[in-house]
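Quick notes on the structure that follows.
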Amino acid sequence: MIDVYHAKDIETMDAEALKALQLLRFKKAVARALETPFYKTRLSAVGISGPEDLKTLEDIKRIPFTTKDDLREAYPYGLLSCPLSDVVRMHASSGTTGIPTVIYQTAADLDRWTDLTTRSLVAVGCHKGDVFQNMMTYGLFTGGLGLHYGAEHLGMLVIPSSSGNTRRQFQLMKDFGTTVVHATPSYMLHLHSCMEEHGYKPSDFALKKALVGAEPHSEEIRQKIQELFGIDVYNSYGLSEMNGPSVAFECDRKAGMHLWEDSYYMEIVDEHTLQEVPEGETGELVLSILIRTATPILRYRTRDLTAIIPGRCACGRTSRRICRIKGRTDDMLIINGVNVFPSQIEEVIMKMPEIGTNYRIVVRKDGTLDKLIVQTEVGPEIFSDDARDMNALKNRIIENLRASITINPVVELHEPGVLPVQEGKAIRVVDEREKKR
Ligand code: AMP
Ligand code: ZN
């Protein structure tokens, strides 16, 4: 196997050199963070007033953790460290109460991100001449635009098809000889399940690879997609707070995801004690971004559970690898790649006076896609036999929910007293997918 790198010097840097580079970049990140109202307060409280206060990488532990709620509190500009006129792009992702977390990028920030996405694509063997169909959503979500620029930079022909419209996806794949797709794993399974119905079979396509991410999936799901399409499937991890795709990416060895340590400083901590766990043990991934100037974020608690895989990868890249994400420590649901907090749903339905007090959120597989079902009780005076009234109410709930969480739920209305009541803590979320992952 001949290994090709995008930035060989950095990708194969020895551990000592990598640490020196991280310290240098961390200091710069602290200097920029101190330019933001949010970190100015946070860092001064622990006695950090300049990059010189960070003498070794150990000193990073003095910096308080940052959470999604912190980012929400800093909305909209509390984490901006440059003049707004230098910002050329923003992305946003769900916050726990519907206030999004916003990330700003300067032109140079975008170039550095593109460099990383290019590196990731090279690591899985993509090259000029490939036809790249990007089935991740283009928009505020980072999945679509994130890999787009890396793929162009590499010289691939990019088809920005975005998500949905399965019929058109098949047509584009066939007519333009798509060789690489980028999609959520559930969408890959969905594509396969309706291939026959649309009159296609795997041999109609020139597909070689799928890059899948944005939602949890098991090794079995990877194997299944590989077998169904006869292709190679690679795991891609990212989150909007850390730019998006290309925080960690598998290489062609499929033996864990290289977390690009020159660009992200990684810690894995016990979710309760917040102390670092030994290499190989599972804990919460904490990340600091070292390559973005407009929105510095330090020691961000991702809530994602993973472990560092000990040892070097056979591909020669020295950035350490993390395991497939094993779960989350909070209650964020990922539904067909979209983040949804149960609190967002509660907020919407409880604002509607017709809704009773008991409700339940059920998530289950509908074929290969995820389906969100919101079951609510309605007041006795509302619960009527008139199907038209009930349907109108249902549609209003659907519309309000769609406006808040951007996905289309199924809504079920029930008479008071029908939904189960727990003696202790209410169980509001029933995720029936978990057993099947
Ligand atoms: P977002 O900020 O919308 O990009 O969502 C980021 C979250 O999606 C992460 O914190 C993870 O929980 C999840 N996620 C992204 N990529 C993966 C992946 N490859 N495997 C499992 N979960 C993922
Ligand atoms: Zn590797």
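Just so you know, ligand 1 is whichever comes first in the structure, and atom 1 is the first atom listed for that ligand. Reckoned from all heavy atoms, side chains included, excluding hydrogens, waters and symmetry mates.
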Shortest protein heavy-atom distance from atom 13 (C) of ligand 1, along with the residue and atom involved
Ile334 CD1, 3.4 Å

Do the side chains of Glu412 and Lys394 get close enough for a salt bridge, i.e. N-O under 4.0 angstrom?
no

Pick from Ala214, Ser218, Gly143: the one approaching atom 16 (N) of ligand 1 most closely through a non-hydrogen atom:
Ala214

Under 4.0 Å from ligand 1, counting heavy atoms only, is it the side chain of Arg328, its backbone, both or neither?
side chain

When you check the gap from the basic side-chain N to the acidic O, do Asp70 and Arg42 get nearer than 4.0 Å?
yes

Aromatic contact, Phe249 with Tyr237 (centres under 6.0 Å):
no

For atom 4 (O) of ligand 1, find the nearest protein heavy atom and state the residue, atom name and distance (0.1 Å precision).
Ser240 N, 3.5 Å

May I ask you to check whether His217 has an N/O atom sitting below 3.5 Å from an N/O atom of ligand 1?
no

Atom 5 (O) of ligand 1: of Asn339, Leu239, Val338, the nearest heavy atom sits on Asn339

Under 4.0 Å between a Lys/Arg side-chain N and an Asp/Glu carboxylate O for Asp232 and Lys209?
no

Atom 20 (N) of ligand 1 sits nearest the protein heavy atom Glu215 O, 3.3 Å

For SG in Cys313 and NE2 in His258, the angle at the Zn ion (ligand 2) (nearest 10°) is 110°

Pi-cation contact, Tyr359 with Arg428 (under 6.0 Å, within 45°)
yes

I need the atoms of ligand 1 closer than 4.0 Å to a non-hydrogen atom of Pro216, numbered in the order shown.
21 (C), 22 (N)

Salt-bridged, Lys201 to Glu196, with N to O below 4.0 Å?
no

Under a 4.0 angstrom heavy-atom cut-off, which atoms of ligand 1 come close to Gly213?
19 (N)

Are Arg25 and Asp262 within salt-bridge range, i.e. N to O under 4.0 Å?
yes

For Ile325, atoms of ligand 1 separated by under 4.0 Å from a heavy atom
20 (N), 21 (C)

Among all protein heavy atoms, pick out the one at the shortest distance from atom 19 (N) of ligand 1; state its residue, atom name and that distance to 0.1 Å.
Ser236 O, 2.7 Å

Which of the numbered atoms in ligand 1 are below 4.0 angstrom from a heavy atom of Gly238?
6 (C), 9 (C), 15 (C), 16 (N)

Quick test: of every protein heavy atom, which one is nearest to atom 9 (C) of ligand 1, and how far off is it to 0.1 Å?
Asp304 OD2, 3.3 Å

For Glu261, is there an ion pair with Arg320 - N to carboxylate O distance below 4.0 angstrom?
yes

Please indicate whether Arg167 has more than 12 foreign heavy atoms, meaning atoms of other residues, nucleotides or ligands, lying under 6.0 Å from its CZ.
no

